[in-house]
There are 2 protein chains.
Amino acid sequence: MQLYKAEVPSPVPDKLTPRLADSAKILWAVYAGITALEVGFLLGGGMSFFDSLAHAFTTMPTGGFSPKNTSIAYYNSAYIDYVISFFMLLAGINFALYYQLLRGKPLAFWRDTEFRFFMILIGIFTLLITFNTYGSVYETIELSFRYAFFQVISILTTTGYGTADYEIFPGLSHIILFSCMFIGASAGSTGGGMKCSRIIVGFKYCYRELFKLIHPRSVAQIKINSNVVTDDVLRSIMGFLGLYIGLFVICSILLGAMGIDMITSFAAVASCIGNIGPGFGTVGPTENFAHLPAMAKWLLLWCMLLGRLEIYTIIILLVPEFWKK
Amino acid sequence: MQLYKAEVPSPVPDKLTPRLADSAKILWAVYAGITALEVGFLLGGGMSFFDSLAHAFTTMPTGGFSPKNTSIAYYNSAYIDYVISFFMLLAGINFALYYQLLRGKPLAFWRDTEFRFFMILIGIFTLLITFNTYGSVYETIELSFRYAFFQVISILTTTGYGTADYEIFPGLSHIILFSCMFIGASAGSTGGGMKCSRIIVGFKYCYRELFKLIHPRSVAQIKINSNVVTDDVLRSIMGFLGLYIGLFVICSILLGAMGIDMITSFAAVASCIGNIGPGFGTVGPTENFAHLPAMAKWLLLWCMLLGRLEIYTIIILLVPEFWKK
């Protein structure tokens with residue numbers, strides 16, 4: 001029970017339904033429905049049935065595996081790029097919101113702080129990368145926008161598909177995509193990373209400290225969607241963010257000790273803890289992790305597990321207290 | 001008063017003396033004494049009086065300015081390297097501990113968690129860089145050790161002197177030195193960065209969350225030197241660490257938007273918030289910040305102020321609440 005609570009320390013907007021079996025059925029239906037929809041759209045774009053299925057099956061879980069070595073870039077099709085961008089985005093949204101939609105409450109999306117934050121991030125980052133690559137990398141604004149939109153969503157939702165070699169983008173795009181590796185998707189989605197809701201809580205936590213300097217006697221509570229975040233959840237989230245960054249630093253040093261350069265080490269660890277796929281340096285979007293030494297693969301394997309199981313569940317195995325009695 | 005509290009949210013091991021004037025006198029004496037000692041040692045190594053004074057005057061405040069363009073590398077002397085390493089290290093220690101020493105309590109050093117942490121970090125990082133550069137960059141172990149020791153202390157204490165172009169070191173050394181830029185020196189020293197005591201509290205904060213998963217009903221308090229860290233101080237420290245990282249990311253994106261590459265942006269911001277000096281990329285130890293666009297200098301100027309004044313005091317100016325009434 002404690003581990004389960006640790007795994008979902010993010011403030012979920014609404015409990016789905018009182019009965020777990022009903023919730024599970026609804027989630028299954030939503031998941032299957034969106035997957036089927038994506039298969040349909042991809043077939044409509046001229047993709048083979050097998051490829052459509054393979055892509056839909058790895059978009060929705062934000063897994064990011066493609067049957068093509070060059071990933072989505074293989075198709076070189078604006079239609080397919082936009083379809084997959086759209087479905088990656090859907091997979092990065094809290095699934096509880098789809099349930100609200102089915103109950104006839106479409107406004108639940110706009111009322112959800114995390115959803116707004118997620119969409120604003122995608123908007124700002126896409127625009128920045130569009131203008132950053134237009135002229136310097138791509139000759140048309142459509143191409144810049146399409147690849148920017150795709151890469152931002154692919155990395156933010158931790159899917160990891162590729163349409164462009166973002167390593168040839170200018171510095172600003174690198175910094176943004178590198179930051180996206182940490183931020184991740186929404187809580188209650190299939191994406192990884194720190195998750196938007198935790199980033200929001202982190203922001204609010206810091207802002208509260210500033211507010212307290214001005215109003216020292218105030219009892220400022222942190223709210224998400226007008227629900228108060230309890231102190232327990234707050235501590236759990238700040239602890240999670242701290243562990244995430246701490247692990248990132250320690251694992252990067254360990255990778256460095258295996259003879260891997262700084263950028264590759266940082267990006268490989270960030271990409272693996274976030275369950276993304278591509279990184280920077282020698283593990284960029286057109287390369288893979290095959291050339292890394294075996295020991296590095298063992299380390300990154302644990303990073304992937306740590307990230308996927310939200311850190312606490314794995315790292316607790318290293319606490320001696322856990323093994324007592 | 002609130003701002004003052006924000007500026008020293010780190011748990012100081014002991015109040016110096018009940019009367020502020022006495023404390024100030026003691027600190028002045030310690031500071032002047034160590035400075036004089038360094039001047040003496042440098043003169044003894046054949047450095048001119050002016051240079052000895054200039055270096056002592058920029059070692060003790062961990063300022064890191066040298067009258068020589070090539071910094072300490074100019075002298076190419078093992079004696080001078082070790083003398084300056086030693087005094088940078090002294091400047092990175094909590095000055096309250098010197099007061100304890102004067103009171104005849106030399107054991108205060110070893111009883112201080114932050115001091116032990118600081119020394120252990122220096123030891124581990126120096127050894128790792130020594131073995132990382134021995135053979136690949138330097139031919140003798142003495143040279144590797146001396147430059148590793150100097151660079152680790154110079155960056156960890158945020159002094160920023162240089163004896164070696166660490167950009168030609170292998171990846172592991174880069175990752176370690178980059179991490180040192182964030183960690184910083186001890187609370188109550190003249191150094192900048194996040195400060196060791198806050199890192200320790202951050203570690204303990206995360207560990208407590210793990211401990212609570214195993215013993216959910218426990219009331220685990222965080223202690224430094226057997227003093228309980230109150231919830232207020234704890235929140236302030238976690239908020240500080242969050243703001244530090246948040247500012248680092250936002251300022252790096254802004255630098256990137258000015259056309260600066262990722263590594264240089266990351267390193268320039270980390271180096272300026274930490275008040276260090278050298279970074280990586282085009283602001284490495286053998287380069288300077290002169291080539292950056294004017295706007296980047298304005299931004300980094302604020303980063304230096306933010307870091308030096310411990311973030312809260314500057315960032316509070318951006319909170320609308322502060323300007324009300």
Side-chain angles (χ1 to χ4, degrees), chain A residues 1-3 5-6 9 128 132 170-176 178-179 182 202-203 205-216 231-232 235-236 238-243 245-246 249 252-266 280 312-313 315-316 318-319 321-322 324, chain B residues 1-3 5-6 9 128 132 170-176 178-179 182 202-203 205-216 231-232 235-236 238-243 245-246 249 252-266 280 312-313 315-316 318-319 321-322 324:
Chain A
M1 186 60 201
Q2 282 301 317
L3 280 177
K5 266 172 62 184
L128 285 173
N132 194 224
L172 174 62
S173 303
H174 290 165
I175 298 170
I176 289 172
F178 197 73
S179 307
F182 287 86
F203 269 128
Y205 189 98
C206 294
Y207 186 81
R208 185 177 68 173
E209 283 312 299
L210 290 171
F211 189 83
K212 282 216 166 200
L213 288 179
I214 302 161
H215 301 291
D231 276 356
D232 271 359
R235 272 200 302 268
S236 176
M238 294 307 287
F240 177 89
L241 296 175
L243 282 173
I245 292 169
V249 174
S252 297
I253 292 176
L254 291 173
L255 267 198
M258 298 170 197
I260 299 161
D261 70 277
M262 178 162 70
I263 278 292
T264 305
S265 297
F266 282 158
F280 284 94
Y312 282 123
T313 40
I315 206 120
I316 204 167
L318 301 177
V319 179
E321 278 292 316
F322 184 72
K324 280 187 192 159
Chain B
M1 188 57 201
Q2 283 302 318
L3 281 176
K5 266 173 64 186
L128 285 174
N132 194 224
L172 175 62
S173 303
H174 290 165
I175 298 170
I176 289 172
F178 197 73
S179 307
F182 286 86
F203 269 127
Y205 189 97
C206 295
Y207 186 81
R208 185 177 65 173
E209 283 311 300
L210 290 172
F211 189 83
K212 281 216 166 201
L213 288 180
I214 302 160
H215 301 291
D231 277 355
D232 271 358
R235 272 199 303 269
S236 176
M238 293 308 286
F240 177 90
L241 296 175
L243 283 173
I245 292 169
V249 174
S252 297
I253 292 177
L254 291 173
L255 267 199
M258 299 171 198
I260 300 161
D261 70 277
M262 178 161 71
I263 277 292
T264 305
S265 297
F266 282 157
F280 284 95
Y312 282 123
T313 40
I315 207 121
I316 204 168
L318 300 176
V319 179
E321 279 291 318
F322 184 73
K324 280 187 192 158

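Convention: sequence-line order gives letters A, B, ...; per-chain numbering from 1. Since the model is a prediction, treat every value here as computed from it, not as a measurement.
- Among B:G259, B:S179, B:G171, B:G256, the residue with the largest count of heavy-atom pairs under 4.5 Å with chain A is B:G256.
- Per-residue counts of heavy-atom pairs under 4.5 Å with chain B were compared for A:D261, A:L128, A:I253, A:I315; the largest is that of A:I253.
- Taking a 6.0 Å sphere around CZ of B:F203, one finds it holds 12 or fewer heavy atoms contributed by other residues, nucleotides or ligands.
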Verdict with supporting geometry, A:I263 and B:M262, side-chain contact (heavy atoms from CB on, under 4.5 Å)
CA-CA 10 Å; A:I263 278 292; B:M262 178 161 71; 3.8 Å; yes

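- Interface remark: B:F280 contributes side-chain atoms only to the contact with chain A (heavy atom separation under 4.5 Å).
- Nearest heavy atoms, A:F322 versus B:I214: N-CD1, 3.6 Å.
- In this structure, CG in A:L243 is found 12.0 Å from OH in B:Y207, a value given to the nearest 0.5 Å.
- Of the inter-residue distances, the one linking A:L255 atom CG with B:L172 atom CG reads 10.5 Å to the nearest 0.5 angstrom.
- Applying the salt bridge (Lys or Arg N to Asp or Glu O under 4.0 Å) rule to A:R235 yields the partners A:D232, B:E209; only residues at least two apart in sequence or on another chain are considered.
- Chain B forms more heavy-atom pairs under 4.5 Å with one residue of A:L210, A:T264, A:L241, A:L254 than with any other, namely A:L210.
- Take A:S173 and apply the side-chain hydrogen bond (donor to acceptor under 3.5 Å, both in side chains) test, not counting sequence neighbours, and it matches A:N132.
- Proximity to chain A is limited to the backbone of B:I260, based on heavy atoms less than 4.5 angstrom apart.
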Set out, in order, the CA-CA distance, both residues' side-chain angles and the distance that settles side-chain contact (heavy atoms from CB on, under 4.5 Å) for A:F211 and B:V319, then state yes or no.
CA-CA 8 Å; A:F211 189 83; B:V319 179; 5.6 Å; no

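- Here the OG-CG distance, from A:S236 to B:L213, works out to 7.0 Å after rounding to the nearest 0.5 Å.
- Interface remark: A:I245 contributes side-chain atoms only to the contact with chain B (heavy atom separation under 4.5 Å).
- In this structure, the portions of A:S252 lying under 4.5 Å from any heavy atom of chain B include both its backbone and its side chain.
- When every heavy atom of B:C206 is checked against every heavy atom of A:G239, the shortest pair comes out as SG-O, 3.5 Å.
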